[in-house]
Engineer: 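Structure in C-alpha cells, see below.
Every number for a ligand or one of its atoms is a count from 1 in the order of the listing. What you see below is based on every heavy atom in this structure, not just the backbone, and it leaves out hydrogens, waters and symmetry mates.
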Amino acid sequence: MTIGAGPRGPGVLVIEPMGNAGRFLVEAADRLGLRLYAATHAEVHDAYPPWLRSALAGVCATDLTDTPRALDDMEAFCRTHAPAGVVACFELFTPLAALLAERVGLPGNDPRLARAARNKVLMGEAFAAAGVPAPRWAVARDPDEAARVAATGALGWPLVVKPAEQGGSWGVSVVDGPGTLASAVRAAQRFTHARPHGLALDTTALLQEYIDGAEYSCDTVVADGVAHPLPVVRKDTTSGRHRIETGHTCPSGLDEELARVVQDTAARAALAVGVRNGIAHTELKIPPGTRTPYVIETGARLPGDNLCELVEAATGVSEAIACLQAVLGRVPDTTPTASGAAAIRFLLPDHGGVLRRTSVPPAPGTHAEFHLRPGDRVPEPADSACRIGHVLARAATAGGAGDLAASVVARSRVEVG
Ligand SMILES: Nc1ncnc2c1ncn2[C@@H]1O[C@H](COP(=O)(O)OP(=O)(O)OP(=O)(O)O)[C@@H](O)[C@H]1O
Ligand SMILES: [Mg+2]
C-alpha cells in the first residue's frame with residue numbers, strides 16, 4: 001500500500017500524530033482517501049520519521065502547551081485548510097481537540113468534560129457521577145497525606161498509587177503496606193512535565209483501591225453521542241509492584257455475555273468523560289468470581305501498544321478508520337469481517353543497562369519489531385519505557401496466537417549489559 005496524502009478527500013487535523021497509533025491513523029486516512037494535517041511543535045515535527053512527514057498534507061506549527069495560543073494558531077490553520085474533522089492522537093491533548101472542535105464548529109467531544117479523559121482525579125469524579133463501576137480513590141498531595149488516607153483503612157491493602165496525569169504505567173505502584181507507601185508517592189509525583197512537548201502535569205498522586213482479577217481493554221467509537229463497541233482484548237501484565245504489560249490477546253476469551261458487559265461498561269466510561277465524536281480506550285478488571293468489570297481508566301484516544309493492528313488482524317475491524325469516520329460525523333464501520341485471533345507479546349529486559357544484542361527467530365504467522373536498538377539505554381523494568389520490542393502472532397484461536405507469540409519470545413535473545 002502507498003501511504004500518502006489523499007489528493008482529493010476531506011482533511012482531518014491530527015493533534016500530535018507521533019505516538020503508536022499515528023501510523024495506523026495515516027494508513028486509515030490513506031484507505032479512506034483523506035488528507036491528514038498535523039498540529040505539533042516545530043522541533044517535534046523535525047524529529048518525525050520520513051514516512052510520517054510525507055503522509056502529511058500540511059503542518060500547523062504551534063505551542064501545544066499554551067492552550068490560548070494553540071487554539072488561535074489551529075483556528076487560523078483550519079480557516080486556511082478547512083479540515084472536516086479534528087482528532088487528538090496523544091492523550092494529554094484530547095481536551096485541546098475538544099476545545100478546538102467546539103471553536104471551529106466541527107464534530108468533537110464535550111469540552112466541559114474533556115479534561116476528565118486526561119486527569120485521573122477528574123476521571124474518578126466523572127465515573128462516580130455517572131455510576132460507572134471503578135476503584136475507590138483518594139488524592140494525596142504528599143507522602144504524609146497518603147499515610148493519613150491509608151491509615152483510615154478506607155482503601156485497604158494493597159493499594160495503588162499513580163500520577164493524576166501520566167501514561168505508560170509511569171509512576172504506577174501496587175503498594176503492599178505502609179513501609180513502601182512514601183516512596184511510591186514520590187515516584188508518582190516525579191513527573192512535572194510530559195515529554196516531548198514540555199506540557200505541565202498535575203503532580204497530585206492518586207491512591208486507589210486495588211482491584212484483583214484479570215484485565216481487559218475495550219475501545220468504543222462514539223459518533224454523535226452514540227456508542228459503537230469494539231472488540232474486547234485481554235491484557236496481561238507483570239504481577240509485582242510495577243504492572244508492566246507483557247502482552248495483549250484478541251479475542252479476549254470471555255464468554256459472549258460477559259464480553260458484552262465489558263463493552264457496555266467501557267461505553268459508559270467513554271460517555272462519562274464526554275466522548276461524543278471520537279474513540280476511547282478503556283481498561284477494566286474483573287474480580288475473580290464476579291461478572292462486574294471495574295474501569296481502571298479511559299482515554300479519549302486510539303489505543304497504543306499496536307492494538308489497532310492486533311484488533312484488525314483478529315477481527316478485520318480498523319479502529320483507526322472507525323475513529324476517523326466518527327470525527328468526520330460519519331457512521332463508523334465496526335462490523336467484524338474476520339474471526340481469527342492475534343496476540344502481541346513484548347520483549348522485556350530483566351534489568352536496566354545498555355542493550356547489547358537482540359535476536360528474534362523467524363516463525364510463520366509472526367512478525368517482530370524492535371523499539372530499542374543495540375547501544376540504546378534500557379531503563380529499569382518499572383514501566384513501558386523498558387520495552388525492547390514485540391512479537392505479533394496470528395492464528396485461528398486466541399490460545400494458538402498466544403502460544404505462538406510466547407514461543408517466539410521464549411526463543412528470542414535480549415542481552416542487556
Ligand atoms: N486500582 C487498580 N487496581 C488494580 N490494578 C491497577 C489499578 N490501577 C492500575 N492498575 C494496574 O496498573 C496498570 C497501569 O495503571 P494505569 O492504567 O492507571 O496507568 P497508565 O500509566 O495510564 O497505564 P498505561 O498507559 O500503561 O495503560 C493497569 O493496567 C493495571 O494493571
Ligand atoms: Mg492504563
Engineer: Are Ile388 and Leu355 packed together at the side-chain level, in the sense that at least one heavy-atom pair is separated by less than 4.5 angstrom?
Structural biologist: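 Counting from C-beta outward, Ile388 and Leu355 do come under 4.5 Å.
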Engineer: If we ignore angles and hydrogens, is there a donor and acceptor under 3.5 Å between the side chains of Asp305 and Asn20?
Structural biologist: no
Engineer: Would Glu165 and Arg115 pass as an ion pair if we require N to O under 4.0 Å?
Structural biologist: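 Arg115 and Glu165: salt-bridged.
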Engineer: May I ask you to check whether Gln325 and His228 show a side-chain donor-acceptor distance below 3.5 Å?
Structural biologist: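 His228 and Gln325 do not have a side-chain donor-acceptor pair below 3.5 Å.
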Engineer: Taking the cut-offs as 6.0 angstrom to the six-membered ring centre and 45 degrees off its axis, would you call Arg387 and Phe346 a cation-pi pair?
Structural biologist: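 Yes, Arg387 lies over the aromatic ring of Phe346.
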Engineer: Could you tell me if Glu16 and His197 have a donor-acceptor pair between their side chains, going purely by distance under 3.5 Å?
Structural biologist: yes
Engineer: Quick one: name the protein N/O/S atoms under 2.8 Å from the Mg ion (ligand 2), chain by chain.
Structural biologist: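 Hits for the Mg ion (ligand 2) below 2.8 Å: Glu283 OE1, Glu297 OE2.
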Engineer: A side-chain contact here means heavy atoms from C-beta on lying under 4.5 Å apart; do Phe77 and Val59 qualify?
Structural biologist: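 The answer is no; the side chains never approach within 4.5 Å.
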Engineer: Have Ser183 and Arg241 got a donor and an acceptor in their side chains that come within less than 3.5 Å?
Structural biologist: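 A donor-acceptor contact under 3.5 Å links the two side chains.
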Engineer: In this structure, which one of Thr249, Thr366, Thr246 forms a side-chain hydrogen bond (donor to acceptor under 3.5 Å, both in side chains) with Arg345?
Structural biologist: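 So the option named by the test is Thr249.
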Engineer: For ligand 1, what are the residues with a heavy-atom contact below 4.0 Å?
Structural biologist: Lys120, Pro135, Val160, Lys162, Gln166, Gly167, Gly168, Ser169, Trp170, Val172, Gln208, Glu209, Tyr210, Ile211, Glu215, Lys235, Thr237, Arg243, Glu245, Glu283, Lys285, Ile296, Glu297
